[in-house]
Structures are given as C-alpha cells and as structure tokens.
Q: 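Structure below; questions to follow.
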Amino acid sequence: MRAAIILAAGQGTRMKSHHPKVMHALAGRPMIRHLLAAVEAVFDRVVVVVGPGMAALERAVAPHATVVQAERLGTGHAARQAAPALEGFEGDVAVLYGDCPLITEGTLRRLVDARAGADLALLAMRPADPAGYGRLVTEGAQLRRIVEHADATEEERAIGLCNAGVVCAEARHLFRWLGALRSDNRQGEFYLTDVVASADGEGLRVRAVEAPEAELRGINSRAELAVAEAEVQARLRRAAMDGGATLVMPASVHLAWDTRLGRDVVVEPHVVFAPGVVVEDGAAIRAFSHLESCVVRRDAVIGPFARLRPGTEVGEGAHVGNFVELKATKLGAGAKANHLSYIGDATVGEGANIGAGTITCNYDGVHKHRTEIGEGAFIGSDTALVAPVRVGARAVTAAGSVITEDVPAEALAIARGRQVNKPNRPAKKKEA
Ligand code: UD1
Ligand code: CA
C-alpha cells in the first residue's frame with residue numbers, strides 16, 4: 001500500500017488571484033487534476049491538504065480525502081496535517097506539492113522504486129535557473145540536507161541540484177521526522193525539506209532521483225503557469241500526432257487534456273479545442289475553428305472559422321463552413337451548413353442543406369425551443385426558423401423566409417413580403 005499527501009493549502013500569493021493556485025487550469029482542467037491523474041496511477045490512497053474556505057478545490061479533488069491546514073505555517077506543517085487521515089497506515093507515504101503538476105507517472109514509479117533501496121527518496125532536478133528552489137547538499141550518494149534558497153549562503157546557492165518537492169518514505173519514519181520539525185529559519189516556517197537532515201542524522205539512507213526540469217518545475221506565477229501550459233500542450237500535441245492525427249502547424253493548435261483525435265484527422269493552424277471534444281477518423285478541422293464538448297463524426301469537414309459549442313454532433317461527412325455556429329445541435333450525416341449561420345437546439349436530418357445566413361431563433365427571452373429539420377430538406381438562404389418549429393423531410397423554405405409554422409414534408413414554404421416593382425423611378429444621381 002502506498003499513500004500520497006498533496007500540499008495545496010497555499011493561496012499562491014504570487015498568482016495575484018481570487019482562486020487557490022492549484023485551481024488554475026492547464027489544458028482546460030485545474031492543475032491539481034493533472035497531478036492527481038499521475039498520482040492515482042501509482043498510489044492507493046491520496047490525502048489533499050487544502051486551506052480554509054477552499055470548497056471549490058475540495059470538490060475538484062473528490063473523491064479523495066481532504067484535510068484543512070488552518071494556518072499556513074509551511075510545507076512541513078502542511079504535511080503533518082495529513083497524519084490523522086492516515087492514522088494506522090503502514091507502507092510508503094509520498095508528499096507532493098500541488099503546484100508541481102507536470103510530473104509523470106513514470107517518474108513517480110522511479111521514486112517509489114528508489115524508496116525500496118533507501119529510507120528516504122526524493123525527486124531532484126537541475127533547473128536552468130535554480131533561484132527560489134531548495135538546494136541539495138550531498139556527500140557521495142547520500143543526501144545530507146536541503147537548504148532553502150532564502151536560507152542559503154552564496155556557496156550553497158551555487159549548487160545546481162535542486163529539490164523538486166516530492167519525498168517518499170515509510171509512514172512511521174515520515175511522521176516521526178515531521179513531528180520533530182522546527183521553524184527556526186529565515187521564513188519562520190516548518191520546512192518539509194528538513195526531513196532530509198533528520199533522516200541523515202539518524203544514519204538512514206537518503207537518495208535523490210533526478211528527473212527533467214520540464215516535469216518538475218513549480219508554478220508560482222502567471223508567467224510560470226504559461227511555461228507549464230506550453231509543456232502540457234507540447235505533450236498533448238505529440239500524443240495526438242503519435243495517435244495518427246496530422247497537425248499542420250502544431251504550435252498553433254491548442255488542445256484540451258481530453259481532446260480525442262482519430263486517425264487521419266487533419267487539424268489546420270490556429271484551432272482551439274476546449275474540453276470534451278472527440279473527432280473521429282478522417283475528419284478535417286480547418287483553420288481558426290473553435291470546438292467545445294462536441295463530437296465530429298468520420299470524414300466531416302469543420303471550418304475554416306467555425307464554432308462548435310457544447311452538445312453538438314456533426315454527422316459523418318457533414319460540412320460546417322465559415323462563420324457557422326452550432327450549439328446543442330445534431331447535424332445529420334452528409335448535411336451541410338456552409339456559410340454564416342447560427343443553428344442552436346436543433347436536429348438536422350441527413351443530407352439537409354442549410355443555406356447561407358440561416359438562423360434558428362431558439363430563444364424567446366425566457367425559454368429555449370427546438371428546431372427540427374427533416375432529411376434532405378433545403379433551407380433557403382437567410383431563413384429565420386422561429387422555434388419551436390419543424391421542417392419536414394425534403395421540404396424547401398424560400399430564401400428570406402421567416403418560418404413560424406411547421407412545414408410539411410416535401411412542401412415549399414414561402415414566408416416573406418412580396419416584391420413590388422414601381423415603374424419609372426430611376427435612381428437619382430447627384431448633379432455633377
Ligand atoms: C518548495 C520547497 C523547495 C522546492 C520547491 C519546489 C519547502 C520549504 N521548499 O518551495 O525546496 O525547491 O518547493 O517547487 O518545502 N503549502 C501548503 N501549506 C503551507 C505552505 C505551502 O499547503 O503552509 C503548499 C503550497 O500550496 C504549494 C506547496 O505547498 O502547493 C509548495 O509551497 P511553496 O510556498 O510554493 O514552496 P516553494 O517556496 O516553492
Ligand atoms: Ca512552489
């Protein structure tokens with residue numbers, strides 16, 4: 001049995017935010033959820049240490065246990081708060097920082113493996129800029145102590161090997177060391193990192209496992225959040241391409257943590273995927289499109305400049321063209337909505353053609369209403385469909401119609417003012 005304690009009680013002052021730091025999103029989900037995904041793969045139990053009044057964070061980490069650190073007295077003090085929740089637990093306990101969410105499952109496995117050969121194992125890195133990180137003081141393979149940046153001498157600050165903030169030891173050792181922490185340091189805090197000196201002082205083996213900075217960097221500011229986002233995006237793009245999707249200009253495509261792209265999907269430049277998108281094999285997502293919580297079936301073509309909003313399903317081989325917005329709409333196989341339309345709360349049958357400028361008037365100011373368009377229907381350009389309304393299979397609406405009543409199958413509906421031509425009324429020209 002292995003347990004993990006995740007420290008997330010800090011507000012993250014340097015983020016200058018109204019939300020707890022670990023709730024800031026990477027690829028569309030809170031950073032803490034990224035960390036949990038890796039942790040859940042390696043640890044059997046998880047306890048998250050939160051601050052007072054962080055209900056949204058507690059919901060975000062459910063169903064894992066949470067404990068509240070009422071006073072923010074340092075990382076060691078925070079870890080100690082998890083002791084009652086792990087009462088009687090025997091086995092290894094790791095402590096992780098909620099603001100280091102890029103760590104991978106593979107690296108966590110290396111850590112727990114290293115723990116099997118040492119009494120205390122921790123993750124270390126050699127960051128390009130070590131400022132702010134705790135430095136590792138070693139003697140051969142043994143780690144003697146960690147000195148926090150704030151407390152370090154010039155000489156110690158020159159050490160390149162830094163603490164990534166993940167330690168792992170048997171529960172009985174860890175909680176003993178945590179219980180003995182003192183706060184007589186520059187920041188007046190109980191440092192988790194002091195467990196290293198305790199273990200070393202007891203003559204126990206302490207080992208560091210090195211991993212790349214890209215996985216272990218901490219997020220303390222908006223700028224660091226952006227660096228972490230870039231890392232997450234790079235991984236997601238790489239996985240999408242490994243899975244058989246073509247990203248024509250990868251760096252310009254923004255993916256969500258759960259975006260699913262099938263084989264031979266082609267994504268053109270500047271496409272944004274918000275969470276919840278599935279794109280099936282062979283579909284094309286053309287430039288400058290925005291998709292959220294929707295399904296694009298095989299061989300469909302979306303965009304350029306299309307917007308698919310939540311609850312939309314675009315059928316096999318269907319086309320959604322420029323400046324077309326679909327919301328909670330099911331577009332049948334082979335149907336086309338190619339230009340300048342808003343289709344919301346609608347079902348569009350197979351092979352139907354939605355003319356340029358068609359609008360579903362789905363909202364009466366209080367309620368949303370549905371529009372149903374039958375298979376093979378032809379909706380003339382600039383039709384306004386005032387919902388609730390139904391257009392039958394293979395029916396036609398004349399261009400510019402305002403359709404307020406159901407149209408039977410195969411009927412032609414014309415609902416517009418008749419044109420009047422007045423003779424002898426030439427256009428007036430300005431006198432030269
Ligand atoms: C910490 C480490 C440092 C390491 C760096 C890696 C300590 C003393 N220092 O520094 O050695 O190089 O992380 O990124 O551990 N937290 C609480 N309660 C507290 C204090 C912090 O829950 O009382 C949480 C924070 O929410 C955060 C994490 O612990 O998620 C780390 O705290 P932070 O203040 O960011 O530590 P650093 O100064 O970055
Ligand atoms: Ca930090």
Side-chain angles (χ1 to χ4, degrees), residues 4-15 17 19-24 30-36 39 47-54 57-58 60-61 66-82 94-103 122-127 129-137 143 145-152 156-157 159-167 174 177-178 181-198 208 210-211 213-225 227-228:
I5 301 169
I6 298 180
L7 308 187
Q11 185 59 41
T13 326
R14 286 167 280 179
M15 296 295 280
S17 172
H19 311 288
K21 177 163 66 175
V22 298
M23 287 301 285
H24 288 264
M31 66 171 88
I32 185 97
R33 290 245 45 119
H34 286 263
L35 180 62
L36 282 171
V39 167
V47 179
V48 183
V49 182
V50 304
M54 293 187 179
L57 173 56
E58 294 191 32
V61 304
T66 54
V67 293
V68 177
Q69 182 193 23
E71 261 186 300
R72 206 179 168 285
L73 301 178
T75 50
H77 177 261
R80 211 149 65 187
Q81 308 310 305
V95 183
L96 299 100
Y97 296 155
D99 66 349
C100 297
L102 301 177
I103 196 157
L122 60 81
L123 291 179
M125 60 175 166
R126 295 181 188 276
D129 176 12
Y133 289 113
R135 307 298 205 286
L136 267 50
V137 180
L143 197 57
R145 59 191 174 90
I146 295 179
V147 54
E148 285 305 300
H149 185 87
D151 303 286
E156 288 164 334
R157 285 186 183 180
I159 299 173
L161 192 61
C162 292
N163 174 35
V166 187
V167 301
L174 184 72
W177 300 326
L178 289 175
L181 292 179
R182 294 156 42 137
S183 58
D184 49 352
N185 50 53
R186 186 74 52 90
Q187 301 180 92
E189 290 186 0
F190 295 94
Y191 293 161
L192 170 66
T193 45
D194 285 345
V195 298
V196 170
S198 301
E210 277 193 54
E213 181 186 13
E215 271 189 40
L216 300 182
R217 63 170 89 251
I219 300 173
N220 300 299
S221 63
R222 304 273 177 170
E224 287 171 356
L225 182 69
V227 172

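No hydrogens, no waters, no symmetry mates; every other heavy atom, side chains included, goes into these values. Predicted, not measured: the structure shown is a model, and the values here were computed from it. We count ligands from 1, going down the list as the structure has it; atoms in each ligand are counted the same way.
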Q: Return yes if some donor-acceptor pair links the side-chain N/O of Gln11 with the main-chain N/O of His19 below 3.5 Å, else return no.
A: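 Pair found, side chain donor or acceptor close to backbone of His19.
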
Q: Considering only non-hydrogen protein atoms, determine which one is nearest to atom 32 (O) of ligand 1 and report residue, atom name and distance to 0.1 Å.
A: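 For atom 32 (O) of ligand 1, the nearest protein heavy atom comes out as Thr75 CG2, 3.8 Å.
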
Q: Only heavy atoms of Cys100, strictly under 4.0 Å: list the atoms of ligand 1 that pass.
A: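 So the atoms of ligand 1 that pass are 14 (O).
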
Q: When you measure from atom 11 (O) of ligand 1 to every protein heavy atom, which one gives the shortest distance, and what is it?
A: Glu148 OE2, 2.7 Å

Q: Looking only at protein heavy atoms, which one is nearest to atom 24 (C) of ligand 1, and what is the separation?
A: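 Scanning the protein heavy atoms, the shortest distance from atom 24 (C) of ligand 1 goes to Leu7 CB, 3.7 Å.
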
Q: Just by modelled atom types, is the Tyr133 backbone N or O under 3.5 Å from a matching donor or acceptor in the Arg135 side chain?
A: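 Between the backbone of Tyr133 and the side chain of Arg135 there is a qualifying donor-acceptor contact (under 3.5 Å).
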
Q: If you count every heavy atom of other residues, nucleotides or ligands that lies below 6.0 Å from Glu71 atom CD, does the total exceed 12?
A: no

Q: Can you see which heavy atom on Ala124 is nearest to which on Ala208, and at what distance?
A: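 Taking every non-hydrogen atom into account, CB-CB, 4.0 Å.
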
Q: What are the two closest non-hydrogen atoms of Leu136 and Asn163, and how far apart are they?
A: CD1-N, 3.4 Å

Q: What residue and atom, counting heavy atoms only, is the protein's closest point to atom 12 (O) of ligand 1, and at what distance?
A: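 Its nearest protein heavy-atom neighbour is Asn163 O, 2.6 Å.
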
Q: Which residue owns the protein heavy atom closest to atom 34 (O) of ligand 1, what's the atom, and how far is it?
A: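 Minimum-distance protein heavy atom for atom 34 (O) of ligand 1 reads Arg72 NH2, 3.3 Å.
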
Q: Give me the atom names and distance for the closest heavy-atom approach of Cys100 to Leu216.
A: SG-O, 4.0 Å

Q: Relative to the heavy atoms of Lys21, which atoms of ligand 1 are at a distance of less than 4.0 Å?
A: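 Selected atoms, number and element: 35 (O).
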
Q: Could you see which bit of Ala78 sits under 4.0 Å from ligand 1, with heavy atoms only: side chain, backbone, both or neither?
A: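 Near ligand 1, Ala78 shows its side chain, while the N, CA, C and O stay back.
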
Q: Out of the candidates Asp99, Leu57, Val39, only one should pair with Ile32 under the side-chain contact (heavy atoms from CB on, under 4.5 Å) rule; please name it.
A: Leu57

Q: When you measure from atom 26 (O) of ligand 1 to every protein heavy atom, which one gives the shortest distance, and what is it?
A: Gly10 N, 2.8 Å

Q: Can you check whether a protein heavy atom sits less than 4.0 angstrom from atom 37 (P) of ligand 1?
A: no

Q: Indicate yes or no: at least one non-hydrogen side-chain atom of Val195 is less than 4.5 angstrom from one of Val95.
A: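 Heavy-atom side-chain distance check fails, nothing below 4.5 Å.
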
Q: Give me the residue, atom name and distance of the protein heavy atom closest to atom 39 (O) of ligand 1.
A: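 The closest one turns out to be Asn220 OD1, 3.9 Å.
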
Q: Quick one: does ligand 1 sit under 4.0 Å from the side chain of Glu189, the backbone, both or neither, non-hydrogen atoms only?
A: neither

Q: Under a heavy-atom criterion of less than 4.0 Å, does Thr193 contact ligand 1?
A: yes

Q: Can you tell which part of Cys162 has a heavy atom less than 4.0 Å from ligand 1: side chain, backbone, both or neither?
A: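 Cys162 to ligand 1: no contact under 4.0 Å from either part.
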
Q: Between Tyr191 and Asp151, does a side-chain contact (heavy atoms from CB on, under 4.5 Å) hold up when you go through it step by step?
A: CA-CA 11 Å; Tyr191 293 161; Asp151 303 286; 2.7 Å; yes

Q: With atoms numbered from 1 as shown, which atoms in ligand 1 lie under 4.0 angstrom from a non-hydrogen atom of Gly98?
A: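 So the atoms of ligand 1 that pass are 30 (O).
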
Q: If I take every N, O or S atom of Tyr97, is at least one of them less than 3.0 Å from the Ca ion (ligand 2)?
A: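 Given the 3.0 Å cut-off, Tyr97 does not count as a ligand of the Ca ion (ligand 2).
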
Q: Looking only at protein heavy atoms, which one is nearest to atom 1 (C) of ligand 1, and how far off is it?
A: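 Residue, atom and distance for the closest contact: Tyr97 CE1, 3.4 Å.
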
